[in-house]
Structures are given as C-alpha cells and as structure tokens.
Amino acid sequence: MARKIRLKLRDILNERDIEQKELAEKTELSVRTISELCNNITKRYPREALERIADALEIDDISELIEIVHEQDESDS
C-alpha cells in the first residue's frame with residue numbers, strides 16, 4: 001500500500017461553514033491556491049500557505065489539517 005498525504009481542508013471548511021473564497025480573503029492566498037489545496041491536487045504544500053491557513057482557522061495541531069492515508073497500489077492487486 002502506498003502512503004499519501006491528504007489535506008483535510010475541504011472537510012474543515014465544510015464543518016465550519018466557510019467558503020473557499022472567504023478563506024482566501026482571510027489568508028491573502030489566491031482562490032486558486034485554496035481550491036488546489038482543498039482538492040488535494042497540489043504536488044507541494046507551500047509552508048507559508050499552511051501557516052496562514054492554520055492561523056486563520058486557529059489550528060494548533062498539524063494533524064488537524066494533514067493526514068496520511070493508505071492507498072492500494074496497483075502492484076498490490
């Protein structure tokens with residue numbers, strides 16, 4: 001099984017009833033950046049972006065924002 005990092009940003013925004021655009025404004029990040037992070041299509045996670053998001057959402061523990069998930073590898077089939 002391959003391990004992948006998944007940002008839980010979409011889940012957090014849904015739980016708190018916050019729109020991506022609103023978070024973009026609070027963090028001064030682009031809506032595109034927030035969208036890519038929410039959709040887990042970012043190849044690299046910009047540290048400054050994660051810090052701004054954590055600050056805006058008052059997150060003190062990185063595990064609230066990021067998790068490691070196990071995905072079935074094609075070679076495991």
Side-chain angles (χ1 to χ4, degrees):
M1 287 190 163
R3 288 176 178 83
K4 298 217 176 193
I5 292 176
R6 183 180 88 85
L7 214 57
K8 299 188 277 187
L9 187 55
R10 178 182 298 283
D11 300 336
I12 294 167
L13 294 181
N14 287 339
E15 287 170 10
R16 299 184 186 192
D17 199 28
I18 298 173
E19 292 187 13
Q20 291 181 25
K21 183 177 179 181
E22 183 181 346
L23 181 61
E25 291 169 358
K26 284 183 178 182
T27 58
E28 298 181 352
L29 296 169
S30 70
V31 173
R32 178 181 176 179
T33 296
I34 298 297
S35 175
E36 288 177 354
L37 291 169
C38 281
N39 291 310
N40 283 289
I41 57 174
T42 304
K43 298 280 185 205
R44 297 177 185 206
Y45 298 101
R47 184 171 135 191
E48 184 179 346
L50 296 178
E51 290 170 345
R52 288 182 185 192
I53 290 167
D55 190 43
L57 298 175
E58 299 181 359
I59 292 174
D60 294 318
D61 184 347
I62 196 68
S63 66
E64 292 178 51
L65 187 59
I66 296 175
E67 68 181 345
I68 296 176
V69 295
H70 299 272
E71 292 190 355
Q72 178 120 8
D73 220 357
E74 287 183 25
S75 61
D76 290 343
S77 312

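Note that the coordinates shown come from a computational prediction; the quantities given were computed from them, not determined experimentally.
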Problem set entry | Donor-acceptor under 3.5 Å (Lys8 side chain, Ser63 main chain) | yes

Seminar exercise, completed: Residues at least two apart in sequence or cross-chain that pass salt bridge (charged side-chain N to carboxylate O under 4.0 Å, His left out) with Arg6, listed by chain then number, are Asp11, Glu67

Problem set entry | For Glu25, side chain to side chain donor-acceptor pair (under 3.5 Å) partners two or more places apart | none

Exercise. Can you get from Ile18 to Ile34 by hopping between Ile, Leu, Val, Met, Phe, Trp and Tyr side chains that sit under 4.5 Å apart?
Worked result: yes

Exercise. Is there a path of hydrophobic side-chain contacts, each under 4.5 Å between heavy atoms of I, L, V, M, F, W or Y residues, that connects Val69 with Tyr45?
Worked result: no

For this session: Kindly write out the residues that satisfy side-chain contact (heavy atoms from CB on, under 4.5 Å) with Asn39, not counting sequence neighbours, or none if the list is empty.
Result: Arg10, Ser35, Ile41

For this session: Check whether any side-chain heavy atom of Leu57 lies under 4.5 Å from a side-chain heavy atom of Thr27, and answer yes or no.
Result: no

For this session: Work out which heavy atom in Pro46 is nearest to a heavy atom in Thr42; give both atom names and the distance.
Result: CD-CG2, 4.4 Å

Exercise. Are Ile5 and Ile59 linked, directly or through other ILVMFWY residues, by side chains that come within less than 4.5 angstrom of each other?
Worked result: yes

For this session: Mark yes when over 12 heavy atoms from residues, nucleotides or ligands other than Ile62 sit less than 6.0 Å from its CD1; otherwise mark no.
Result: yes

Exercise. More than 12 heavy atoms of other residues, nucleotides or ligands under 6.0 Å from CZ of Arg3: is that the case?
Worked result: no

Exercise. Just wondering, more than 12 heavy atoms not from Asp17 lying within 6.0 Å of its CG?
Worked result: no

Seminar exercise, completed: Given the options Ile12, Leu29, Leu9, Thr33, Leu23 meets side-chain contact (heavy atoms from CB on, under 4.5 Å) only with Leu9

Exercise. Tell me, do Glu19 and Leu13 make a side-chain contact under 4.5 Å, heavy atoms counted?
Worked result: no

